[in-house]
S.K.: 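The structure follows.
Heavy-atom basis, side chains included; hydrogens, waters and symmetry copies ignored. Just so it is clear: chains get the letters A, B, ... in the order the sequence lines come, proteins before strands, and each one is counted from 1.
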Protein chains: 2
Amino acid sequence: MSGSCFAERLNHFVNLTTVEREALARLEERERHLRRGQTLRRENDDADEIYILRHGWIMSFVFLDDGSRQILRLHFPGDLIGSSNIAYRDAPESLTALTDAVVCPFDKSALKVLFEQHPRLAALLFAVSQAERVSLTDRLASLGRTSAKARVGALLLDMIHRIRFMKKDVTSTFDLILTQEEIGDATGLTAVHVNRMMRALVEEGLIERRNGSVTIVDERALSRASAYTNRFAALDTSWFPASRG
Amino acid sequence: MSGSCFAERLNHFVNLTTVEREALARLEERERHLRRGQTLRRENDDADEIYILRHGWIMSFVFLDDGSRQILRLHFPGDLIGSSNIAYRDAPESLTALTDAVVCPFDKSALKVLFEQHPRLAALLFAVSQAERVSLTDRLASLGRTSAKARVGALLLDMIHRIRFMKKDVTSTFDLILTQEEIGDATGLTAVHVNRMMRALVEEGLIERRNGSVTIVDERALSRASAYTNRFAALDTSWFPASRG
DNA sequence: CGTCGAGTTGACATAATTCAAGTAAGGTGG
DNA sequence: CCACCTTACTTGAATTATGTCAACTCGACG
């Protein structure tokens, strides 16, 4: 029953039944391969598709009228992406691959079956989306109320935590992937200032850099300096309906 | 079948059946009255309750370590609030009344019944929460990539649109309610700078102020200047399961 | 009548941006 | 294998947006 990294991720929170796994597997029947830099879809596209990210990293972002870009969220394997047009017919955000990537597109009508026949999965989806919401509010507080250095630090911490969540090895080193311009677009800064803040973090002994990889040297101090809250507590599944089948 | 402003709001999107209305009414059996300034719950409270806001305005916010505050969202009648701890046991955000308010608290276990017996309502809840998510990403772009003046303008526009959505009269004047300090905490600015930006907007003829009320004079220009996107399009309900009963 | 919270204003300080010029690394065509 | 591009990163100097501090007004309220 491997193959579905979405099921694998959801299985962190509840023990999926065979029937539930099958239902999830049906969302991942098709595959689409993307090369780094390739755009999966653009703002305002009329899109009925939602995607499960299987391999690689993808970012969602919007452009403002003046040409500036805001990166809304980084997506990792196991994430449900493009979910915002569960609500809307037109995509409110663009999706572009940060690395070579594989996604599984499915039509949003597939959710209908899920909600009808697998209430526990529906509840789980809902809970996961609420957790994503909290993650967004954390970023809102970061952009609204913390310094440039703290924003960059918080982004790095978020990345390492999410990487650890996927692979269980407790590493402190990871491939940055993002350019400094992209880090700026995620944190609301200019590339130049991101550069300065990264070296400041290095000078203060909080991180190290080698080629394209970053090591979190003093995670405790960095977390404090960046006002970072770790939200990787278990989901509260107590209210979920029983599984069917 | 009045009384439930939650049902009333959801009825904007689908025609609720009698059975569905009854299920929703069950979420609003209890009432709790709050006075302006009163806190409904605090960050880190162990909270099993979720609320439907019936009257008045409420804000959700977090405090950072340095004592600064970020207002995450303004809530209006018909909103589901405290929904973030559908995912978590401990509340990630505080809730405080901006005006005298009435909320209907219900235990999150009540959602279980909803997901089991009313898949269409569950789908609707999910879609509404995705729309909220998009609203949060709009704010993220506002804080990350627009000027102080634009952020204040966008907040005012968001308020007027949400007020219009509740009451159908197409007014351009509303009671601001928020202090300039609160506007600052919502937009990531200081109270002093909010003051300057508001008067700049007045001088440019975009808004007017009288006592505590604000009038949007030139909505088109203000929307452009604030990079504001109106998301009050209809929800896409095409994928919803059929209603039961 | 005095106090308090909110709004207003000016002078000054600071964080972040802009502009400009450079370096380093990787990829490509000859 | 070299010469040439291109893209990302780096750095300094000047500029601008926003924050800080402090003083004052005004209206509400007890």
S.K.: Would you indicate what A:G188 reaches in the nucleic acid, counting non-hydrogen atoms under 4.0 angstrom: base, sugar-phosphate, or nothing?
M.R.: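 The answer is sugar-phosphate, as A:G188 gets under 4.0 Å only of primed atoms, P, OP1 or OP2.
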S.K.: Consider side-chain contact (heavy atoms from CB on, under 4.5 Å). Of A:I71, A:L140, A:T137, A:V62, which one does B:L140 pass it with?
M.R.: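 Considering A:I71, A:L140, A:T137, A:V62, a side-chain contact (heavy atoms from CB on, under 4.5 Å) with B:L140 is found only for A:L140.
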S.K.: Between B:H75 and B:Y51, does the ring-ring contact (aromatic ring centres under 6.0 Å, His included) criterion hold? Intermediate values first, please.
M.R.: CA-CA 11 Å; B:H75 302 282; B:Y51 310 89; over 10 Å; no
S.K.: Please report the distance, rounded to the nearest Å, between CG in B:N195 and P in D:dC26.
M.R.: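 Taking CG of B:N195 and P of D:dC26, I get 15 Å after rounding.
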S.K.: Could you state the atom-to-atom distance from CD1 of B:I183 to P of D:dG19 in whole Å?
M.R.: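 That distance rounds to 14 Å.
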S.K.: Does OP1 or OP2 of D:dT11 have a side-chain N or O of A:R199 closer than 4.0 Å?
M.R.: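 A:R199 to D:dT11 OP1/OP2: side-chain N or O found under 4.0 Å.
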S.K.: Quickly work out the B:L143 CG to D:dT18 P distance and round it to whole Å.
M.R.: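 About 12 Å, once rounded to whole Å.
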S.K.: Has A:D45 got a side-chain atom pairing as donor or acceptor with A:A47's backbone, closer than 3.5 angstrom?
M.R.: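 No, A:D45 side chain to A:A47 backbone: no donor-acceptor pair under 3.5 Å.
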S.K.: May I ask you to say what B:R196 touches in the nucleic acid, namely base, sugar-phosphate or nothing, with a heavy-atom cut-off under 4.0 Å?
M.R.: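 Here B:R196 touches the bases of the nucleic acid.
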S.K.: Could you verify whether a donor N or O on one side chain and an acceptor N or O on the other, from A:S135 and A:R73, lie under 3.5 Å apart?
M.R.: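 Per modelled atom types, A:S135 and A:R73 side chains form a pair under 3.5 Å.
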S.K.: What is the distance, rounded to the nearest whole Å, between atom CG of B:D66 and atom C1' of D:dG19?
M.R.: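 Answer to the nearest Å: 13 Å.
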S.K.: Distance check: side-chain N/O of A:R151 vs OP1/OP2 of C:dA15, anything under 4.0 Å?
M.R.: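 Negative; the distance criterion is not met.
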S.K.: Among the nucleotides D:dT18, D:dG19, D:dC9, which one has an atom lying closest to any side-chain atom of B:S147?
M.R.: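 Side chain of B:S147 sits closest to D:dT18.
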S.K.: From C-beta outward on A:T190, which listed nucleotide comes closest to its side chain: C:dT18, D:dT11, C:dG7?
M.R.: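 Nucleotide nearest to A:T190's side chain: C:dT18.
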S.K.: What's the CG-C1' distance between B:L189 and D:dT20, to the nearest Å?
M.R.: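 For the pair B:L189 CG and D:dT20 C1', the rounded distance is 14 Å.
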S.K.: Among C:dA16, C:dG7, D:dT20, which nucleotide sits nearest the side chain of B:Q180?
M.R.: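 Of C:dA16, C:dG7, D:dT20, C:dG7 is nearest to the side chain of B:Q180.
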S.K.: For DNA chain C, whose closest nucleotide is more 5', that of B:R145 or that of B:R36?
M.R.: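 Residue closer to the 5' terminus by nearest nucleotide: B:R36.
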S.K.: What's the closest nucleotide to the side chain of A:V192 if the choices are C:dA11, C:dA20, C:dG7?
M.R.: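 Out of C:dA11, C:dA20, C:dG7, the nucleotide with an atom closest to A:V192's side chain is C:dA20.
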